[in-house]
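Each remark here refers to the structure printed beneath this line.
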Amino acid sequence: MYATERHQEILRRARADGRVEVKHIAEELDVTPETVRRDLTALERLGVVRRVHGGAIPVERLGIEPAVDERETRLAGQKERIAKVALDELPDGGSIIIDAGTTTVRIAQMLPTDRELMVVTHSLPVANLLISKPNVTLYLLGGIVRARTLAAVGDWTRHNLADVFVDVAFIGTNGITANRGLTTPDLGEAAVKRALISSARRTVVLADHTKFGREDFAHVCDLEAIDTVISDIGLADEMADEIEDAGPTVVRA
C-alpha cells in the first residue's frame with residue numbers, strides 16, 4: 001500500500017470511528033507504528049486530523065473550523081489545478097457567482113480578461129481581487145462578515161440574492177459525501193450557500209480530496225442540486241464513483 005493510500009484509509013477510519021489508534025492501525029495495515037505516526041503527522045499538516053496521545057482525531061470531531069489564513073497554503077498546488085480546470089465552466093460572457101473559500105478565490109485570481117463578466121460574491125477576498133478588473137462588473141453582497149471566513153452571512157445576504165439568477169455558481173464546501181451532500185461547520189454559511197446555489201442555472205463545486213468523506217454540522221444541500229464536482233487526482237476512484245452515482249459529474253484535475 002502506497003503512502004497516499006494509507007493516508008486515505010487512516011482518514012476514512014478516523015472519520016468513521018471518531019479516532020484512530022496507532023497500535024491498531026499498524027497491525028491492520030501491516031506497517032510499523034513509526035510509519036503510522038509519520039502518516040498521522042502528514043495528515044495533521046493537511047489540517048484533517050489532530051494528533052492526540054496514542055493516535056489522532058478528525059478535526060470535525062473537535063468542532064474546529066480553520067481560519068482563511070490557516071487554510072490558504074494547504075494543498076496549494078491541488079487548489080490551483082482545480083481552479084484552472086474550473087475555468088472551462090465559465091460562460092463566454094454573462095454572470096457567475098463565486099463563493100467564499102480558499103479554492104474558489106483562485107478562480108477570481110485566474111478570471112480571463114477576454115470577456116465581460118458580472119460576478120456576484122459575498123467574499124471579501126474575492127471582491128478585493130476583482131474590484132480593479134476592467135472586464136468585471138462586481139456585485140458584493142452585504143451582511144454580517146464572519147471573521148473566520150471573511151464572508152458575509154445572514155438575512156441581508158440572502159435577501160440580496162433573491163433578485164439574482166446567474167449562469168454558473170462556483171461553490172466551495174467543507175465536507176462532501178454521497179449521503180449528506182455538501183456540509184459546512186456554520187449554519188449561517190450553509191444558508192448562504194443554499195441561496196447561492198438556488199440563484200444559479202448550474203452549480204460547480206470545487207473541493208480538494210480531503211473534503212470527501214467528511215460530514216460537518218450544517219447541511220447545505222444534497223448532491224442532486226449539483227451539476228459538476230471538480231477535485232484533484234488524490235480523490236479515490238471509489239469515492240468519485242459514489243459521488244457520481246448521487247448525481248453530479250466528477251472531474252479530477
Side-chain angles (χ1 to χ4, degrees), residues 79-143 149-154 156-174 176 181-184 189-208 211 220-232 240 243-244 246-253:
K79 292 175 181 179
E80 294 284 344
R81 291 195 295 273
I82 290 169
K84 187 173 182 179
V85 170
L87 293 177
D88 292 337
E89 303 288 338
L90 286 172
D92 290 334
S95 54
I96 65 173
I97 284 171
I98 301 181
D99 187 16
T102 56
T103 305
T104 49
V105 75
R106 284 166 167 79
I107 294 180
Q109 295 171 333
M110 298 179 182
L111 277 185
T113 59
D114 63 350
R115 68 197 78 176
E116 296 290 324
L117 289 169
M118 291 182 287
V119 181
V120 178
T121 188
H122 66 132
S123 165
L124 295 184
V126 168
N128 187 53
L129 285 166
L130 297 181
I131 190 65
S132 60
K133 287 185 176 286
N135 64 312
V136 170
T137 302
L138 177 65
Y139 293 84
L140 177 60
L141 301 169
T149 59
L150 300 179
V153 299
W156 287 359
T157 315
R158 297 196 306 275
H159 289 166
N160 288 335
L161 281 164
D163 297 326
V164 170
F165 195 57
V166 305
D167 297 309
V168 185
F170 295 96
I171 303 295
T173 188
N174 294 76
I176 177 170
L182 305 186
T183 54
T184 193
E189 294 252 10
V192 170
K193 287 179 186 291
R194 278 196 300 275
L196 295 174
I197 291 167
S198 296
S199 296
R201 292 181 176 86
R202 297 185 62 254
T203 298
V204 179
V205 171
L206 280 59
D208 67 69
K211 308 294 179 61
V220 176
C221 70
D222 294 334
L223 290 183
E224 62 186 16
I226 306 303
D227 296 282
T228 303
V229 175
I230 302 178
S231 188
D232 58 80
I243 299 301
E244 285 204 322
T249 300
V250 176
V251 177
R252 282 178 281 192

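Every value quoted in this text rests on a predicted model; they were computed, and no experiment measured them. Numbers here simply count residues along the sequence, with the first being 1.
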Inset, instruction - State whether the side chain of Thr121 and the backbone N or O of Ile98 hold a donor-acceptor pair below 3.5 Å, judged by distance alone. - result: yes
Legend entry - Contact summary for Ala108 and Leu129, nearest pair of heavy atoms: CB-CD1, 4.0 Å
Legend entry - For His122, the option from Thr149, Thr157, Leu150 that meets side-chain contact (heavy atoms from CB on, under 4.5 Å): Thr157
Legend entry - Short side-chain to backbone donor-acceptor contact, Asn160 and Trp156, under 3.5 Å: yes
Legend entry - Distance-minimising heavy-atom pair for Lys79 and Asp208: CE-OD2, 3.9 Å
Inset, instruction - Determine whether the side chains of Asn135 and Thr113 contain a donor N or O and an acceptor N or O closer than 3.5 Å. - result: no
Inset, instruction - Of all the heavy-atom pairs spanning Thr104 and Phe170, show the shortest one and how long it is. - result: CG2-O, 3.9 Å
Legend entry - Side-chain heavy-atom pair Val229, Leu206 within 4.5 angstrom cut-off: no
Inset, instruction - Heavy atoms only: give me the nearest Ala100-Ala151 pair and the separation to one decimal. - result: CB-CB, 3.5 Å
Inset, instruction - Could you check if a side-chain atom of Ser95 sits within less than 4.5 angstrom of a side-chain atom of Val120, using non-hydrogen atoms only? - result: no
Inset, instruction - Please list, chain by chain and in numerical order, all residues satisfying side chain to side chain donor-acceptor pair (under 3.5 Å) with Arg158, sequence neighbours excluded. - result: Asp155
Legend entry - Of all pairs that satisfy side-chain hydrogen bond (donor to acceptor under 3.5 Å, both in side chains), the ones with a partner from residues 191-201, not counting sequence neighbours: Asp99-Lys193, Asp167-Arg201
Legend entry - Ile197 and its side-chain contact (heavy atoms from CB on, under 4.5 Å) partner, picked from Ile97, Leu161, Val192, Val220: Val220
Legend entry - Taking every non-hydrogen atom, the tightest pair across Pro248 and Leu223: CD-O, 3.6 Å
For residues 81-90, which side-chain N or O atoms pair as donor and acceptor with protein atoms under 3.5 Å away, sequence neighbours left out?
from, atom 1, to, atom 2, distance (Å)
Glu89, OE1, Arg202, NH1, 3.2
Glu89, OE1, Arg202, NH2, 3.2

Inset, instruction - Taking the side chain as every heavy atom from C-beta outward, state whether Leu141 and Val164 have any pair of such atoms under 4.5 Å apart. - result: no
Legend entry - Shortest non-hydrogen separation from Val166 to Ala169 and the atoms involved: CG2-N, 4.4 Å
Legend entry - Residues which pass salt bridge (charged side-chain N to carboxylate O under 4.0 Å, His left out) with Arg252, listed by chain and number, not counting sequence neighbours: Asp237
Inset, instruction - Look at the side chain of Thr173 and the backbone N and O of Thr183, then say whether any donor-acceptor pair between them is shorter than 3.5 Å. - result: yes
Legend entry - Separation of Lys211 NZ from Ile176 CD1 (nearest 0.5 Å): 10.0 Å
Inset, instruction - Run through Val205, Thr249, Val204 and flag the one making a side-chain contact (heavy atoms from CB on, under 4.5 Å) with Ile226. - result: Val205
Legend entry - Pairwise distance CG(Asp232) to OG1(Thr103) - rounded to 0.5 angstrom: 9.0 Å
Legend entry - Pairs involving residues 220-230, ordered by first then second residue, that meet salt bridge (charged side-chain N to carboxylate O under 4.0 Å, His left out) (sequence neighbours left out): none
Legend entry - Qualifying residues under side chain to side chain donor-acceptor pair (under 3.5 Å), relative to Glu80, sequence neighbours excluded: Arg106
